[in-house]
Amino acid sequence: MLGGHLLHGGDYNPEQWLDCPEILEEDIRLMKEAGVNCVTLGVFSWAVLEPEEGVYDFDWLEEIIDNLGDAGIQVILATPSGAMPHWMTQKYPEVMQVRADGRRNLPGKRHNFCYTSPVMQEKTRAVDEALSRRFGRKENVILWHLSNELAGNFGDGACHCSLCQSAFREWLKEKYGTLDALNHAWWGRFWSHVYTDWEQIHSPAPHGETTVTGLELDWRRFVTDQISDFCGMERRAVAKHSDLPATTNFMDTFKNIDYNRLQKELDVVSWDNYPFWHKEKDEVPVAVQSAFNHSMMRAMKKKPFLLMESAPSVINWRNNNPVKRPGMHMLSSMQAVAHGSDSVQYFQWRKGRGSYEKFHGAVLDHKNRSDTRTFREVAEVGKRLPGLEKILDGTVNRPEAAVIFDWANWWAVEDTTGPRLDLDYPKYVMEHYRAFWEQGIEADIVDMDADLSGYRLVSAPLNYMYKAGWPEKVRAFVESGGTFVTTFFSGMADETDLCFTGQHPLEDVLGIVQEEIDAPSQEFENQFAYNGTEYPARRMCEIDHAKEGTEVLSSYERDFYAGCPVVTHNTFGKGAAYYLAAESDTEFLRAFYRDVFGSTGLKNALGTELPYGVTVTKRTCADPALADGAAEKTGYGDVVFVMNFRNEPVCVDGIGKWTDAENGAVCEGKLELEAFQCAVLVEQDK
Ligand code: GLA
Ligand code: ZN
């Protein structure tokens, strides 16, 4: 456990209050009261850390770090590249990004620097190394926080300046070697888009090229590499005088960067979670989305991650920003821990008085008081976490199922013209994941590069692109006993977005032959029966035929393709593959996966049917070799989190004998949960 604790705290920006020493003192007193044991300093502090070019002023920071240290509070120290000081943009305008339309940004905002600019790199490296020299071995500094939410600004998050264009061309030369190879991969003879000189290649632009999907894909890959390289440069800079681990804060399923690539530069994965709680009375869709993201962050390193930011109460950037209703703060904090986080950190400790985020929620309001509901609910989390440290230390979730979410597939499938232009890949994958969540079947969210060997079930919805090696991996997985689920519009194109010819790469495994894809208008919706219940087939209806030996579980019932398969099951080697030829609805996915979980022997951690709105997760000893010894190590075995996302009490029936890890109460047969409650259970007698 990083820093020896479940971390509790968040972004702290004392540079906004340097002329108010009484506020800084009060902060520390109130942090203790709120059970804060870790704060993140320096995220956007460049103008104060380096007020003039090459002149560093770190004394104020050292004093604050020391005062925090005296109070037993640890520090995550950020590098300041998230926002550039005005002296820099004035003197070196080339550090500012050029947008896709060719206009260079004016100074201001944040997250908008050119990743290629040698000046930007040099200035960042210099301040990072100076921070490393001064603070890299300080006792209460535990982690480097590199930059902030990389690429989190305009449009595609990329810089299209001439330096970046050249870097892109170099990247392409490295990848393809020759223009012939590039022209083939991008299918250049279509519309006479053959490049005869590397200099002719330009990044995608609204007033230029937007139709060559191979170019779009490679540009996104290049931007990911470029940002990852920048982050790697910062990683090396802070390592100059320091052995501390490093992270950068991710957002959720964020289209601009492939986080599975970026995470390779980091020791610890962390992310910022701002779910739209109370968007509607039914919290399930939002809980599912948040669980999905947590599970993806955890699965990147198969290690605990850090929840780096979350809102203590409101945020300020949606059209309507509901306050967290009583109980939701605790539940959403526990949800992160339940899915593998070793922290609950906030944006932010104290509201600033002015500018853009003055109405963004914080632990402390402008009125500087602790007698507020927000403060009390934060302090409750601060009181609760230390009690869980012992049983969670060294544990992580180790699901036996995985859902594939792959950035390159995302870019490609949403970029492709036809059969629909409104495909929302994350939404579609999350609809599948929802069935897992509702039934308490944990899943890792991984991409096509993942090792599948530890899973019993892998689901790959809308798996349009097959990366090199993926079909072979899936075939081997199924052959050796795994169950694979996939859907319509899968296995269409290779990594460069060239369609497969001949046959579907997994035709033998799936047992179906694709013919056409209908994207019917509403009036032409089809339907099918699954296990005796009728469900809609809509939006995407693939017209396939089953190969001999494939079991057809459902068929279209209407129209000229009545009788064609919608749900199929094919055994292959020791395993099986299911194919869903049409898009349906939540009820169908729920019923379908219930059967899939049954046939693969997957059960939730309580081994019982869960009421609507309730889910469970399990953290278990991280080292499989020690797993059976976990009980000896911690005094407990697996730790099970039971979360009720309904704003009313519920009862979970049919459970065995469990002990509440926090109050020692024994429950047997049933567990009563209050509205928005999360219970933490360990097996009885352990
Ligand atoms: C992001 C940023 C923070 C802050 C919050 C507001 O997560 O990293 O600096 O702006 O959003 O929700
Ligand atoms: Zn640039």
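Read the numbers this way: they start at 1 and go in the same order the structure lists the ligands and their atoms.
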- prompt: Do E265 and R235 meet the salt-bridge criterion of a basic N to acidic O distance under 4.0 Å?
  reply: no
task: Might you confirm whether atom NZ of K427 has over 12 heavy atoms from other residues, nucleotides or ligands at distances under 6.0 Å?
output: no
- line: Value for CD (E309) from CE (M251), rounded to nearest 0.5 Å, stands at 9.5 Å
query: Near E63 CD, under 6.0 Å, is it more than 12 heavy atoms from other residues, nucleotides or ligands?
result: no
query: Is there at least one pair of N or O atoms, one from E357 and one from ligand 1, spaced under 3.5 Å apart?
result: yes
message: Give me the residue, atom name and distance of the protein heavy atom closest to atom 6 (C) of ligand 1.
response: H360 NE2, 3.1 Å
Per-atom contacts of ligand 1 with F44, taking only distances under 4.0 Å to non-hydrogen atoms: 9 (O)
query: Below 4.0 angstrom, N of the basic side chain to O of the carboxylate: do R261 and D229 qualify?
result: yes
message: Looking at D59 and R134, is any side-chain nitrogen of the basic one under 4.0 Å from a carboxylate oxygen of the acidic one?
response: yes
- prompt: Is it true that E26 and R29 have a side-chain N and a carboxylate O under 4.0 angstrom from each other?
  reply: yes
- request: Kindly check if the number of other-residue, nucleotide or ligand heavy atoms within 6.0 Å of NZ (K358) is above 12?
  value: yes
- prompt: Can you list the ligand 1 atoms lying under 4.0 Å from a non-hydrogen atom of E149?
  reply: 1 (C), 2 (C), 7 (O), 8 (O)
query: Looking at D272, which atoms of ligand 1 are within less than 4.0 Å of one of its heavy atoms?
result: 7 (O), 8 (O)
message: For the CD atom on E280, are there more than 12 heavy atoms of other groups (residues, nucleotides or ligands in this structure) within a distance under 6.0 Å?
response: yes
statement: So the atoms of ligand 1 within less than 4.0 Å of a heavy atom of N148 turn out to be 2 (C), 8 (O)
task: Report the protein N/O/S neighbours of the Zn ion (ligand 2) that fall below 2.8 Å; do not count waters.
output: C114 SG, C159 SG, C161 SG, C164 SG
- prompt: Which part of R110 is near ligand 1, with near meaning a heavy atom under 4.0 Å away: side chain, backbone, both or neither?
  reply: side chain
Heavy-atom neighbours of H207 NE2 exceed 12 at 6.0 Å: yes
message: Counting non-hydrogen protein atoms only, what is the nearest one to atom 7 (O) of ligand 1? Give residue, atom name and distance.
response: E309 OE1, 2.4 Å
query: Which one holds for V43 and ligand 1: side chain close, backbone close, both close, or neither close, with close meaning a heavy atom under 4.0 Å?
result: neither
- prompt: What atoms of ligand 1 come within less than 4.0 Å of a heavy atom belonging to W317?
  reply: 6 (C), 12 (O)
- request: Could you tell me whether Q348 approaches ligand 1 through its side chain, its backbone, both or neither, with non-hydrogen atoms closer than 4.0 Å?
  value: neither
- request: Identify whether the distance between the nearest side-chain nitrogen and carboxylate oxygen of E62 and K138 falls below 4.0 Å.
  value: yes
